[in-house]
There are 2 protein chains.
Amino acid sequence: MRPGPRRSFTHAEILDAAFDLLETKGFAAVSVRGVAGSLGITPTALYTYYSSKNALLRGMIEHLLARLDLRAPGGSDSVEAPDAAAIRRRIVTLALRLRELLTAHTGALGLIMSGPLDGPNAMRLNETLLESFTAAGLAVDDAARAAYALQVYALGSIALESADQDADPDAAAPTDGLFPDASGTALWTDLATFPLSSRTAHVVAQHNSTDQFVWGLERLLDGLVPQP
Amino acid sequence: MRPGPRRSFTHAEILDAAFDLLETKGFAAVSVRGVAGSLGITPTALYTYYSSKNALLRGMIEHLLARLDLRAPGGSDSVEAPDAAAIRRRIVTLALRLRELLTAHTGALGLIMSGPLDGPNAMRLNETLLESFTAAGLAVDDAARAAYALQVYALGSIALESADQDADPDAAAPTDGLFPDASGTALWTDLATFPLSSRTAHVVAQHNSTDQFVWGLERLLDGLVPQP
DNA sequence: ACCTGAACACCGTTCAAGT
DNA sequence: ACCTGAACACCGTTCAAGT
């Protein structure tokens with residue numbers, strides 16, 4: 001085909017197309033060629049909008065975080081000075097919403113890993129967490145560390161969950177001695193070698209659940225927010 | 001070249017070659033073709049040892065975790081019943097060693113994301129954490145959740161740090177309005193919109209530090225291990 | 001300014017064929 | 001059993017050229 005008439009896309013249209021690909025065909029399908037193809041343009045034309053694939057991926061994170069509801073849960077009756085329980089509830093709700101948002105899209109975690117979370121919407125989230133932690137009584141520097149720790153926990157949780165879900169048929173291989181001469185100390189025999197791990201296998205099986213996420217989150221908050 | 005005489009490699013030799021590539025040329029260089037090439041064989045020959053690239057990556061994680069020192073720090077004088085402080089010190093040391101191990105190798109985080117941590121050496125780590133948490137007085141089910149939460153925190157921390165380090169020249173793009181028509185609610189102006197984030201910018205600048213890692217880890221442990 | 005077409009230097013994986 | 005060579009269906013990115 002020849003150049004034809006000039007077409008033009010907004011960044012939002014391009015990102016929408018990218019998310020369509022992400023949801024229907026997975027993270028691997030979100031390629032420069034793939035996104036360009038679904039828009040009906042050539043891969044090189046996409047470089048007019050995003051200077052690299054990484055820039056496109058970072059745009060997608062922002063697009064996703066723009067949809068994160070940062071409002072406090074429940075009360076349309078906005079209390080001026082919410083109590084400690086309400087603040088805590090807000091943080092937990094925020095973390096759960098972030099988790100939902102990122103686990104709803106297959107491979108969204110791959111987006112997070114593509115670069116730092118420093119876009120405007122990532123900062124909106126950070127600012128909201130800072131507000132909550134200072135409202136909970138933390139000094140501003142401690143609130144910053146707490147907000148970071150909370151994001152670390154939330155993203156780490158999503159990362160491990162998605163890694164677990166990517167279990168492939170090759171999973172059987174490691175059980176029959178992957179490193180016959182690796183270190184000598186690590187001789188894999190069977191589950192009996194790890195008594196505690198076997199006894200808690202039923203707990204491990206639920207690691208991916210929301211309950212496990214909330215449990216750890218609550219313990220982290222126990223440590224972060226000083227108890228009265 | 002013709003087939004030539006039969007060459008044979010151990011899994012350890014292949015993984016060593018893969019880690020050489022990882023350290024000298026980065027995660028992208030750890031390709032089936034790349035690893036095979038550094039061994040002097042054809043890409044297809046590598047499929048004799050590992051049935052997929054993912055299986056190779058999972059082998060690398062295990063290779064790495066085999067080098068994780070799980071021993072309690074300090075005491076050659078092994079006390080029979082260590083006190084709470086010693087147990088806590090051991091967990092922190094373990095987390096720091098894990099962090100060192102994974103941050104020492106560029107792109108090691110990419111390995112973690114390639115599949116579930118269910119190899120023998122990953123289980124060795126899990127078992128050690130379970131021992132520590134039960135020794136700290138936790139019921140076995142809670143110990144399992146605690147061990148998982150701790151790994152979530154450690155890996156999440158490493159993930160965010162490596163994402164921050166991958167900052168590229170495209171980072172300037174998002175600051176001048178990436179989504180002019182995305183949602184309408186997210187209008188990016190300047191840092192003044194996020195007063196708390198600006199006030200804590202100096203703390204954020206140290207997010208990558210070991211201090212930040214330990215601070216959050218200590219808070220998590222505050223919540224995980226019941227205080228006397 | 002926006003787009004095309006061709007090209008460069010790569011990927012993971014499969015398959016028939018050799019020894 | 002272990003390996004090669006060719007092939008398939010892809011990648012991200014660059015560049016000269018068109019309108």
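Heavy atoms only: backbone and side chains are in, while hydrogens, waters and symmetry mates are out.
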Any residue meeting side-chain contact (heavy atoms from CB on, under 4.5 Å) with A:E127, in chain and number order, not counting sequence neighbours: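 For A:E127 the side-chain contact (heavy atoms from CB on, under 4.5 Å) partners, ignoring immediate neighbours, are A:L130, A:E131, B:F194, B:P195, B:L196, B:S197.
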side-chain contact (heavy atoms from CB on, under 4.5 Å) partners for A:S38, two or more places apart: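 A:S38 satisfies side-chain contact (heavy atoms from CB on, under 4.5 Å) with A:A17, A:L21 once adjacent residues are dropped.
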For A:E100, all residues meeting side-chain hydrogen bond (donor to acceptor under 3.5 Å, both in side chains), sequence neighbours excluded: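 Once residues adjacent in sequence are excluded, A:E100 has no partner under the side-chain hydrogen bond (donor to acceptor under 3.5 Å, both in side chains) criterion.
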Non-neighbouring partners of A:R219 that pass side-chain hydrogen bond (donor to acceptor under 3.5 Å, both in side chains), sequence neighbours left out: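 Expected list: A:D222.
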Check the distance between [N]'s [atom2] and [X]'s [atom1] and give it to me in whole angstrom.
{"X": "B:H11", "N": "D:dA1", "atom1": "NE2", "atom2": "P", "result": "15 Å"}
{"X": "B:L39", "N": "D:dC3", "atom1": "CG", "atom2": "P", "result": "10 Å"}
{"X": "B:L46", "N": "D:dA1", "atom1": "CG", "atom2": "P", "result": "18 Å"}

Separation between the P atoms of D:dA9 and C:dC10, rounded to whole Å: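 Between the two P atoms, the distance is 22 Å.
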Per-nucleotide protein contact string for nucleotides 7-16 of chain C (B base, S sugar-phosphate only, - none; heavy atom under 4.0 Å): B---BBBBB-
Side-chain H-bond candidate by donor/acceptor type, B:N121 with B:H63, under 3.5 Å: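 No.
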B:R99 and B:T210 side chains, donor-acceptor separation under 3.5 Å: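 Indeed, the side chains of B:T210 and B:R99 share at least one donor-acceptor pair under 3.5 Å.
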Main-chain N/O of A:I14 paired with A:Y49 side-chain donor or acceptor, under 3.5 Å: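 No, the answer is negative, given that no donor and acceptor are paired below the 3.5 Å cut-off.
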Bracket notation of DNA chain D in which parentheses pair within the strand, [ ] cross earlier pairs, and | pairs with another strand (Watson-Crick or G-U, under 3.5 Å): ||.|||||...|||||.||
Close side-chain approach of B:I158 and B:I112, heavy atoms under 4.5 Å: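 Counting from C-beta outward, B:I158 and B:I112 never come under 4.5 Å.
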